[in-house]
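Residue numbers start at 1 and run along the sequence shown.
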Amino acid sequence: MRILVAEDERDLNRIICKKLSGSGYSVDACYDGAEALEFLLYTEYDAAILDVMMPKMDGFSTLRKLRESGNSTPVLFLTAKDSVEDLVRGLDLGANDYIIKPFSFDELLARLRCITRKNTGSLTNTYTCGDLTLDVGAHTVTRAGKSIDLSSKEFAVLEYLIRNKGCVLSRATIEDHVWNFDLEGGTNVVDVYISYLRRKIDSDFDTKLIHTVRGVGWVIRED
């Protein structure tokens, strides 16, 4: 999934981005509310982490303008303020959750999983397609009970496919959700990772789950 981190404390921003990237997320970073709003309005994110106290535009104002535009990207507030009034204000403006500084990164990751899970309508962190199971929380993949070892980027591509099971996803759509603005690897990087996944997910099974829709993209489904 692709996440935006808007936090003006650069060291904390860098640490959060490093932690998220290490957990398989694609991450873009910015340092003020005005830039965060621009990112969110022109790029599709699966979630955003917004600091409340940011220069140019605070997190509350950023969220208000975002929701007024009709954008429903899940938002998790980072805040040093723990007053009930501030928390209520953030939730009433349309925040999905909040976490108070200092925080545990395990808790941050769990809250991210929660708000993105709710956004897809899933009740758990586990997604299935036939005998294939992907557990976002445990970061594991199995097929017919057999464990499948994936790199973080392979996991991210498979997660995006299985969250959108039955929907045909174009190369550009997958690229936009799984890679950030620092994409490296050329225009065929998605094709390469689909090929990796097919070898690991489908090659040992008669029933293939990852399908090419010629001229459009790829879909994961049971045939």
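Every residue meeting the side-chain contact (heavy atoms from CB on, under 4.5 Å) condition with R64, not counting sequence neighbours, appears here in chain and number order: S61, E68, L93. Applying the ring pair (Phe, Tyr, Trp, His ring centres under 6.0 Å) rule to F77 yields the partners F60; only residues at least two apart in sequence or on another chain are considered. Listed by chain and residue number, H177 satisfy the ring pair (Phe, Tyr, Trp, His ring centres under 6.0 Å) test with Y160 (two or more places apart in sequence, or in another chain). For S152, there are no side-chain contact (heavy atoms from CB on, under 4.5 Å) partners at least two apart in sequence or on another chain. Checked against salt bridge (Lys or Arg N to Asp or Glu O under 4.0 Å), D202 has the following partners two or more places apart in sequence or in another chain: R143. Qualifying salt bridge (Lys or Arg N to Asp or Glu O under 4.0 Å) partners for D8, counting only residues two or more places apart in sequence or in other chains: none. Remark: R67 engages no residue in a salt bridge (Lys or Arg N to Asp or Glu O under 4.0 Å) (not counting sequence neighbours). In this view, T79 and V52, K81, L87, I100 satisfy the side-chain contact (heavy atoms from CB on, under 4.5 Å) rule, not counting sequence neighbours.
Note that CG of L4 and OH of Y25 are 14.5 Å apart. Values are rounded to the nearest 0.5 Å. For the atom pair CE of M57 and CG of L37, the computed distance is 5.5 Å after rounding to the nearest 0.5 Å.
Hydrophobic cluster of Y31: no remaining members, since no ILVMFWY side chain lies below 4.5 Å from it. In the hydrophobic clustering, where aliphatic and aromatic side chains (Ile, Leu, Val, Met, Phe, Trp, Tyr) are joined below 4.5 Å either directly or transitively, M54 stands alone. In the hydrophobic clustering, V219 connects to V168, V213, V216, either directly or through intervening members, whenever side-chain heavy atoms lie under 4.5 Å apart.
The side-chain contact (heavy atoms from CB on, under 4.5 Å) with V192 is formed by just one residue from the set I194, V190, N188; it is N188.
The shortest heavy-atom contact between T73 and N96 is O-OD1, 4.1 Å.
Applying the ring pair (Phe, Tyr, Trp, His ring centres under 6.0 Å) test to residues at least two apart or on different chains, none of the pairs has a partner in residues 203-223.
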